Number of protein chains: 2
Amino acid sequence: MNKLPGKTVERLSEYRRQLLGCLAENKSYIYSHDLAGLLHITAVQVRRDLMLIGYSSVLRKGYDIRELIDTIGRIIDYDEGLNVAIIGIGNLGRAVTGYFRGKRSKLNIIASFDTDPQKVNKVISGVKCFHTQDMEKMIREMDIRIAILTIPADYAKSMAEEIVRHGIKGILNFTTVPLNVPSGVYLEEYDMITSIEKVAYYVKENKV
Amino acid sequence: MNKLPGKTVERLSEYRRQLLGCLAENKSYIYSHDLAGLLHITAVQVRRDLMLIGYSSVLRKGYDIRELIDTIGRIIDYDEGLNVAIIGIGNLGRAVTGYFRGKRSKLNIIASFDTDPQKVNKVISGVKCFHTQDMEKMIREMDIRIAILTIPADYAKSMAEEIVRHGIKGILNFTTVPLNVPSGVYLEEYDMITSIEKVAYYVKENKV
DNA sequence: GAAATATTGTTAACTTTATAACACAAACTC
DNA sequence: GAGTTTGTGTTATAAAGTTAACAATATTTC
Ligand SMILES: NC(=O)c1ccc[n+]([C@@H]2O[C@H](COP(=O)([O-])OP(=O)(O)OC[C@H]3O[C@@H](n4cnc5c(N)ncnc54)[C@H](O)[C@@H]3O)[C@@H](O)[C@H]2O)c1
Ligand SMILES: NC(=O)c1ccc[n+]([C@@H]2O[C@H](COP(=O)([O-])OP(=O)(O)OC[C@H]3O[C@@H](n4cnc5c(N)ncnc54)[C@H](O)[C@@H]3O)[C@@H](O)[C@H]2O)c1
């Protein structure tokens, strides 16, 4: 499977999440337009995405939910799973970690790192917290490849450099600081303020 | 100013955030390529966005940071400001609220709503928490137009319907539940799992 | 003060992403 | 069992978004 459009990758993740919800409701088939409705997109978009990953429906019955979940998994998951660490287990770090727990996935948050002695060596949101001093050791020992950055902005830059040195290959950065990573490391950033300002813009312009 | 591309709106928000950071460092001018660097995009992109909003630089000195911040504000902000409420002041709600505080903006989180008696009537992350029973009254009284949904998934659907009835015009939905809003209400959704799965995909494919 | 340099604004070309069009096949319909 | 319906896979078309190209102009250099 060579290079899916980035947007398709995002939607595959969302399809799967919604499909898992459907499974929980004991459905076993779903039509493209129903799946589309869950994501607020068009049925054509769904069919096109699924075409790209080569998945075919049972004609006129829609897509086999369980099979589709597996197919998506084969595309976007790392076979053996990938280990993830949270760096900075404050409010946001706990929200992320708690959210992940229970959600099955090949992605496991298996450690958090913090400097606060109140937190170090405790289990927080179901995940053991280590001191950042031990980061190098733990990242290698636990084979952690992805880090989620939820520390105060001031430390973000040097922290990013450090974890990249220790072998992290992907970073989801929630701090507002512009990070620079070497090629070979994938960086994704998200800022809620952008989302809310966008909402505000459309509310203001009254465009919906 | 008629209908900017959605992506441009997002970037304007990001430009402003970075520009405010620059102001804090006592810079007063910035070149397109420097601003671009902060967002990991190209200088051309920056120039094109700023062209769209009709802002011109002082030639060869770059953009006047303070002026640009104001110009962006005139485009994306609501003149009198817009009031925002957090619904569900748990881990994520507190993270969002705390993050907003101090960030100047025409967007003010002025209330939170929850059902937990431990939280109601307390000030949490600097914002007063009200009981959801009083939501209708408070939304109208405080002229709240935008809501951020951070409640357990099960309640999301009915909550969305309720707040729309009470006059909310924009929703930022962090629950994983597919919401349906009537036209006239703008809905934005975000899911961290999508972000992380995307990171994982690119790490796996080793495309950077 | 002519030449070189740096940086912008804008049009045009390109790429990516989304939508539309439509032929096709299973499953009803009568 | 011919005809309609329904929902798909795919190719074609359009829209959105990005990058490239380049003329224009203030500043520096010599
Ligand atoms: N992008 C977004 O949408 C968004 C939203 C909310 C918060 N944030 C940002 O996320 C970060 C965390 O926010 P929060 O509300 O969880 O803050 P917080 O203060 O609750 O948590 C920060 C945590 O990081 C720990 N920490 C501090 N320095 C550290 C270091 N050098 N190494 C490791 N850990 C360290 C602290 O002990 C604390 O546990 C902030 O930078 C905030 O601005 C971003
Ligand atoms: N989209 C994302 O990226 C993302 C990330 C983290 C969490 N989440 C989701 O956000 C939600 C909140 O997560 P959290 O970690 O803050 O959970 P939490 O349990 O810490 O907080 C939930 C809060 O909602 C309150 N609440 C419960 N029922 C309510 C109701 N009917 N009306 C008003 N308030 C009510 C609770 O009292 C609590 O304060 C969950 O649905 C979670 O799945 C989404």
Side-chain angles (χ1 to χ4, degrees), chain A residues 1-15 19 22 27-65 67-68 71-72 75-76 194 198 201-202 205 207-208, chain B residues 1-15 19 22 27-65 67-68 71-72 75-76 188-189 194 198 201-202 205 207-208:
Chain A
M1 182 66 46
N2 43 358
K3 59 172 175 185
L4 295 171
K7 289 292 178 101
T8 297
V9 175
E10 288 179 18
R11 280 191 301 263
L12 288 175
S13 165
E14 287 163 21
Y15 294 148
L19 290 169
C22 292
K27 295 183 197 156
S28 32
Y29 290 91
I30 191 168
Y31 295 129
S32 60
H33 62 261
D34 288 331
L35 182 51
L38 296 175
L39 277 88
H40 306 114
I41 59 178
T42 68
V44 183
Q45 182 77 78
V46 172
R47 298 210 296 273
R48 218 176 175 299
D49 284 336
L50 299 190
M51 187 194 93
L52 289 177
I53 64 169
Y55 186 70
S56 284
S57 67
V58 177
L59 202 57
R60 280 254 332 195
K61 287 190 73 177
Y63 301 92
D64 181 317
I65 293 180
E67 253 179 56
L68 183 48
T71 307
I72 293 176
I75 306 285
I76 68 176
T194 300
K198 194 178 175 194
Y201 174 79
Y202 284 107
E205 296 289 316
K207 301 234 184 57
V208 185
Chain B
M1 180 68 44
N2 42 359
K3 58 171 173 182
L4 295 172
K7 290 290 179 99
T8 297
V9 175
E10 288 179 17
R11 281 191 299 263
L12 287 175
S13 165
E14 288 163 21
Y15 294 148
L19 289 168
C22 293
K27 295 184 197 154
S28 32
Y29 290 91
I30 191 168
Y31 297 130
S32 59
H33 60 263
D34 288 332
L35 184 51
L38 296 175
L39 277 87
H40 306 114
I41 59 177
T42 68
V44 184
Q45 183 78 77
V46 171
R47 298 209 297 272
R48 217 178 177 296
D49 285 336
L50 298 190
M51 187 194 94
L52 289 177
I53 65 170
Y55 185 71
S56 284
S57 68
V58 178
L59 202 56
R60 280 256 331 197
K61 288 191 72 178
Y63 300 93
D64 181 317
I65 293 180
E67 253 179 58
L68 183 48
T71 307
I72 292 176
I75 306 284
I76 68 176
E188 176 90 11
E189 312 197 306
T194 299
K198 194 176 173 196
Y201 174 78
Y202 284 106
E205 296 290 316
K207 302 234 183 54
V208 184

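Naming: A, B, ... by sequence-line order, numbering from 1 per chain. What you see is a predicted model, and the numbers here were worked out from it, not measured in a lab.
- Distance B/Q45 CD to C/dC14 C1': 14 Å, rounded to the nearest Å.
- Rounded to an integer number of Å, the gap from A/L52 CG to D/dG9 C1' is 11 Å.
- Taken to the nearest 0.5 Å, the OH atom of B/Y15 stands 9.0 Å off from the CD1 atom of B/I53.
- Phosphate contact (OP1/OP2 of C/dT17, side-chain N/O of A/R11, threshold under 4.0 Å): absent.
- Results of the side chain to side chain contact (heavy atoms under 4.5 Å, CB included) test with B/S32 over B/V44, B/D49, B/V46 single out B/V46 as the only residue that passes.
- Looking at B/Y55 and B/E67, their side chains do bring a donor and an acceptor atom within 3.5 Å of each other.
- The CG atom of A/L35 sits 8.5 Å away from the OH atom of A/Y63 when rounded to the nearest 0.5 Å.
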Is there any protein nitrogen or oxygen under 3.5 Å from a nitrogen or oxygen in nucleotides 9-13 of chain C, and what are the pairs?
| residue | atom | partner | partner atom | Å |
| --- | --- | --- | --- | --- |
| C/dG9 | OP1 | B/S57 | N | 2.9 |
| C/dG9 | OP2 | B/Y63 | OH | 2.8 |
| C/dG9 | N7 | B/R47 | NE | 3.1 |
| C/dG9 | O6 | B/R47 | NH2 | 2.9 |

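- Residue whose closest nucleotide on DNA chain D sits further toward the 5' end, between A/Y31 and B/K7: A/Y31.
- For the pair B/L39 CG and D/dT19 P, the interatomic distance rounds to 13 Å; values are reported in whole Å.
- We find that CD1 of A/I30 is positioned 13 Å from P of D/dG7, with the value rounded to whole Å.
- The line from OG of A/S56 to CG of A/D64 is 12.0 Å long, rounded to the nearest 0.5 Å.
- Distance CG (B/D34) to C1' (C/dA6): 12 Å, rounded to an integer number of Å.
- Rounded to whole Å, atom C1' of C/dA6 lies 17 Å from atom OH of B/Y29.
- The distance from atom CG of A/D49 to atom P of C/dA18 is 8 Å, rounded to the nearest whole Å.
- Using a 4.0 Å heavy-atom distance criterion, B/S32 is classed as a sugar-phosphate-only contact.
- Atom-to-atom distance recorded for A/E14:CD and B/T194:OG1 is 4.0 Å, nearest 0.5 angstrom.
- B/Y31 pairs by the ring pair (Phe, Tyr, Trp, His ring centres under 6.0 Å) definition with B/H33, not counting sequence neighbours.
- Rounded to an integer number of Å, the gap from A/L12 CG to C/dT17 P is 13 Å.
- Nearest-nucleotide positions on DNA chain C place A/T8 closer to the 5' end than the other of A/T8 and A/K61.
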